[in-house]
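First comes the structure, then the notes that go with it.
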Amino acid sequence: MKVRTRFAPSPTGFLHVGGLRTALYAYLFAKQNNGDFILRIEDTDLERYVEGAVEVIYSTLKSTNINVDEGPNEGGAYGPYIQTKRKDIYLKYALELVDSGAAYYCFCDKNRLDSLADSNGIKRYDKHCLHLSKEEISKRLANNESYVIRQNMPTTGFSEFDDLVYGTVSIPNSELEDQVLIKSDGLPTYNFANVIDDYLMKISHVMRGNEYLSSTPKYNLLYDAFGWERPQYIHLSQIMKDATRKLSKRYGDANFDDFIKKGYVPEAIINFIALLGWSPKGEQEKFSMGELIEDFSISGLHKSSSIFDETKMKWLNGEYLKEMDFEKFMRLAWPYFEESKIKGLYDYHKLGKLIQSRVEILSEIKDKVDFLAQYNKFDSALYENKKFKIDENVAKSVLIESINELKGINDWNEDNLHLSINKIAEKMEAKSGQIYTVLRIALSGVSITPGGSVELADILGKKESINRIEKAIKWLSEEKQC
RNA sequence: GGCCUAUUGGAGAAGCGGUUUAACUCACAUGCCUUUCACGCAUGCACACACGGGUUCGAAUCCCGUAUAGGUCACCA
């Protein structure tokens, strides 16, 4: 049987990384087995529908290189792929179940349903309408009374199924509620539409979050009632924000688009989330999409949930940035330069060369270059350096010694700067590293810089460099007095 | 509250009854390299098998219980 997997998001907001991971795994598994990856939009909840959400899903899949074989835009033999466009299909199947006794009409209103709550506030439907007579049902139907169709669950025994990740799961049937299949607005619930569509679309492997683990028996009962073969189940562990909180869009920081805005590249995001909940056989950690398709395995999937550690994703992103060719890096980095304080002031390309290996996410660029556009009094403790035996006094004398030498440079370029610095070191009988370090701090006013003192001096230019050193000397002197 | 599931160092994790004195990666620390930052390289850190019982010659690995955490119990998906 051909492997067919699907990603079935509801267009209720933005795609968060948990959902994206589900899509990824489904895609990887399908492609690995030369199967099809289907996109189905589950929009049966009219109230939660968000305009533009489908476009977001598409743009995310596109930028992550998850290619849809069949879907709303691609078409396919089992369409339509949007559930609201399949409305009639569900009712037909529901009625079939009513005929066979596996489902029944229910006319209970909200008040009655609410009155069923136990001391914990848990409501469980009491099969009240199951025993309505045929005549009564037709009468109420003819009266246009509002109704739903409920699934008639067994009350005794156990339901068992095999999950490819969790193994055999067994749940007492008494736990299963007579869930609603068709809502009073005529649309199916997720619980119903999902089963019907997975069957009609010939989905072979159902991959989804493990929050569906305990409701899977309900779906199986539906398959059984129709006499359909059950699909294979692959339930995925959860991604947590921390030890107790699930990662969700409610916390606002888990959306794919947000990560892109922060300056992550799609490849790194995909690579990182692939590793959250799945581990490869070997020790390789960096994977291209092709390699993921090759190496993905159900046996590497975890049962336990994992915590989303952005620090590690940052590191991975940095790896991708470093190996990227320079032109591409500049194209991606450009907007971040434009957002920084140095907008229009300095040569982005020169800076880009320095900064490519020094940022992990693009949004760090701003913080790393802003010092070029602003120079404010800074804590002189920045000069302190064990390795080069630098303290404030040393710094001051180095700067005083340097200023005239540097002023004497006619052709302000990196070679001449090196020459001059070496001269200063010789004159002071100091290690050149000492001079370099002091100048780097004096020129930047920050401890970590995108490049050494010579590169900075070159970018700043002679006038600004001299200006900054003079200020630095002044500040050091002031501090001495107090 | 019932039911389902999970529990290896700060994080991701390997491990599937016997060279496990428990890999690897991130983080952190230190050193080297680079004429200075970063990159890179090397080394180190770490109170890690939730706890208690069993089974076994032998258990992180199998079984049971407890604890903790998550999920689920909607006319939401």
Side-chain angles (χ1 to χ4, degrees), chain A residues 8-10 12 42-45 47-48 106 108 110 113 118-125 146-150 163 166-167 169-172 174-177 179-185 187-191 193-194 208-217 235 237-238 240 242-246 272 275-286 299-300 302-316 318 322 354-359 368 385 387-388 418 421-422 425 431-441 444 446-456:
Chain A
S10 42
T12 54
E42 309 224 330
D43 57 347
T44 54
D45 185 357
E47 283 178 31
R48 293 211 303 168
C106 169
C108 294
K110 191 170 183 305
L113 259 23
D118 66 11
S119 56
N120 292 312
I122 306 293
K123 289 172 253 179
R124 153 147 286 139
Y125 190 62
S146 173
Y147 69 90
V148 300
I149 294 177
R150 285 182 186 274
D163 182 271
Y166 288 88
V169 179
S170 171
I171 290 174
S174 56
E175 288 297 314
L176 274 21
E177 196 191 20
Q179 63 177 350
V180 170
L181 266 22
I182 300 289
K183 299 184 276 188
S184 55
D185 64 3
L187 283 169
T189 57
Y190 161 87
N191 296 312
N194 200 260
R208 49 153 85 121
N210 71 6
E211 65 266 29
Y212 296 104
L213 208 50
S214 40
S215 40
T216 298
H235 285 93
S237 64
Q238 228 117 51
M240 309 288 283
D242 56 41
T244 57
R245 286 181 300 170
K246 193 176 158 182
F272 179 71
L275 262 19
L276 268 186
W278 170 76
S279 51
K281 292 261 184 297
E283 285 177 0
Q284 181 182 352
E285 290 220 301
K286 203 155 163 293
S299 64
H302 306 149
K303 296 180 187 174
S304 52
S305 49
S306 44
I307 296 175
F308 188 95
D309 180 21
E310 199 175 337
T311 307
K312 185 156 185 179
M313 183 161 79
K314 264 189 191 162
W315 163 78
L316 234 195
K322 270 176 247 166
L354 294 176
I355 223 158
Q356 183 172 6
S357 65
R358 291 172 168 85
V359 291
K368 301 233 183 217
N385 184 304
K387 186 176 165 191
F388 294 105
H418 278 299
I421 288 172
N422 286 329
K431 279 191 175 172
S432 55
Q434 193 180 67
I435 317 296
Y436 280 106
T437 304
V438 170
L439 284 175
R440 190 175 62 79
I441 300 297
S444 65
V446 297
S447 62
I448 295 173
T449 54
S453 55
V454 169
E455 287 98 334
L456 297 185

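Here is how names work: the chains are called A, B, and so on, in the same order as the sequence lines, proteins then strands, and each is numbered from 1. Reckoned from all heavy atoms, side chains included, excluding hydrogens, waters and symmetry mates.
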For C76(B), does either OP1 or OP2 sit under 4.0 Å from a side-chain N or O belonging to K183(A)?
yes
Is it true that, when you exclude K431(A) itself, more than 12 heavy atoms of the residues, nucleotides or ligands shown sit nearer than 6.0 Å to its NZ?
no
What's the closest nucleotide to the side chain of R150(A) if the choices are C76(B), G1(B), C75(B)?
C75(B)
Could you write out RNA chain B as a dot-bracket string, with dots for unpaired bases, | for bases paired across to another strand, and Watson-Crick or G-U pairs counted at under 3.5 Å?
((((((((.[[[..)..(.....]]].(((((.......))))).....[[[[[..)....]]]]])))))))....
Quick check: are there more than 12 heavy atoms from other residues, nucleotides or ligands sitting under 6.0 Å from CD of Q284(A)?
yes
Considering only side-chain heavy atoms of S279(A), which listed nucleotide, C75(B), A13(B), U34(B), is closest?
A13(B)
C49(B) and G9(B), which share atom name C1', separated by this distance in whole Å
10 Å
Donor-acceptor pair, distance only, cut-off 3.5 Å: does the side chain of Y125(A) make one with the backbone of E177(A)?
no
Tell me the interatomic distance from N191(A), atom CG, to A74(B), atom C1', rounded to whole angstroms.
9 Å
Whole Å only: how far is the CG atom of N210(A) from the C1' atom of U7(B)?
14 Å
What is the nucleic acid contact for N194(A), judged by heavy atoms within less than 4.0 Å: base, sugar-phosphate only, or nothing?
nothing
Rounded to whole angstroms, how far apart are CD on Q238(A) and C1' on A6(B)?
11 Å
With a non-hydrogen cut-off below 4.0 angstrom, is K368(A) in contact with a base, only sugar-phosphate, or nothing?
nothing
Of V454(A) and G300(A), the one whose nearest nucleotide on RNA chain B sits closer to the 5' end is G300(A)
Within the pair T44(A) and A77(B), is there a side-chain N or O less than 4.0 Å away from OP1 or OP2?
yes
Can you tell me, in whole Å, how much space there is between the C1' of G71(B) and that of C47(B)?
31 Å
Heavy atoms under 4.0 Å, any strand shown: does G451(A) hit a base, just sugar-phosphate, or nothing?
base
For a quick check under 3.5 Å, do T449(A) and R440(A) share a side-chain donor-acceptor pair by atom type?
yes
Nucleotide nearest K312(A) (side chain, heavy atoms from C-beta), chosen from U35(B), C26(B), U72(B)
C26(B)
Please compare D185(A) and M313(A) by the position of their nearest nucleotide in RNA chain B and report the one closer to 5'.
M313(A)
Integer angstrom distance from the C1' of C76(B) to that of A60(B)
40 Å
Could you please name the option among C73(B), A77(B), A74(B) that lies closest to any side-chain atom of Y212(A)?
A77(B)
Donor-acceptor pair present, K387(A) side chain and U34(B) base, under 3.5 Å:
yes
Within the structure, does a side-chain N or O atom of H302(A) lie under 4.0 Å from either OP1 or OP2 of A14(B)?
yes
Which part of the nucleic acid, if any, lies within contact of L275(A), taking any heavy atom under 4.0 Å across all strands shown: a base, the sugar-phosphate backbone alone, or nothing?
sugar-phosphate
Applying a 4.0 Å non-hydrogen cut-off, can you work out what S146(A) is touching in the nucleic acid: base, sugar-phosphate, or nothing?
nothing
Sugar-phosphate only, base, or nothing, as touched by K322(A) at under 4.0 Å among non-hydrogen atoms
sugar-phosphate
Just call it for E175(A): base, sugar-phosphate, or nothing, with non-hydrogen atoms closer than 4.0 Å on any strand.
base
Just to be sure I understand the rule, does K281(A) reach a base, reach only the sugar-phosphate, or reach nothing, if contact means heavy atoms closer than 4.0 Å?
nothing
With heavy atoms under 4.0 Å as the rule, sort S306(A) into base, sugar-phosphate or nothing.
sugar-phosphate
Using a heavy-atom cut-off of 4.0 Å across all strands, would you classify N385(A) as base, sugar-phosphate, or nothing?
nothing
Between C75(B), A23(B), U35(B), which nucleotide has the shortest distance from any of its atoms to the side chain of L113(A)?
C75(B)
Ignoring the backbone of L276(A), work out which of G12(B), C76(B), G71(B) is nearest its side chain.
G12(B)
By the 4.0 Å heavy-atom rule, please label S215(A) as base, sugar-phosphate, or nothing.
nothing
Pairwise P distance for A46(B) and C4(B), with rounding to whole Å
41 Å
Between P on C73(B) and CZ on R124(A), what's the gap in Å once rounded to a whole number?
10 Å
Side-chain donor/acceptor of Y436(A) to base of U35(B), under 3.5 Å
yes
Roughly how far apart, to the nearest Å, are U25(B) and U68(B) at atom C1'?
28 Å
Atom C1', compared across C39(B) and C45(B): separation rounded to whole Å:
23 Å
Select base, sugar-phosphate, or nothing to describe what V180(A) touches, counting heavy atoms under 4.0 Å on all strands.
sugar-phosphate
Distance between C1' atoms of C62(B) and U55(B) (Å, rounded)
8 Å
With a 4.0 Å cut-off on heavy atoms, is G282(A) in touch with a base, just the backbone sugar-phosphate, or nothing at all?
nothing
Proximal nucleotide (of U36(B), G70(B), C4(B)) relative to the E455(A) side chain
U36(B)
Measure from the side chain of W315(A), starting at C-beta and using heavy atoms only, and say which of U25(B), C37(B), C24(B) lies closest.
U25(B)
Closer than 4.0 Å, any side-chain N/O of T311(A) to the OP1 or OP2 of A27(B)?
no
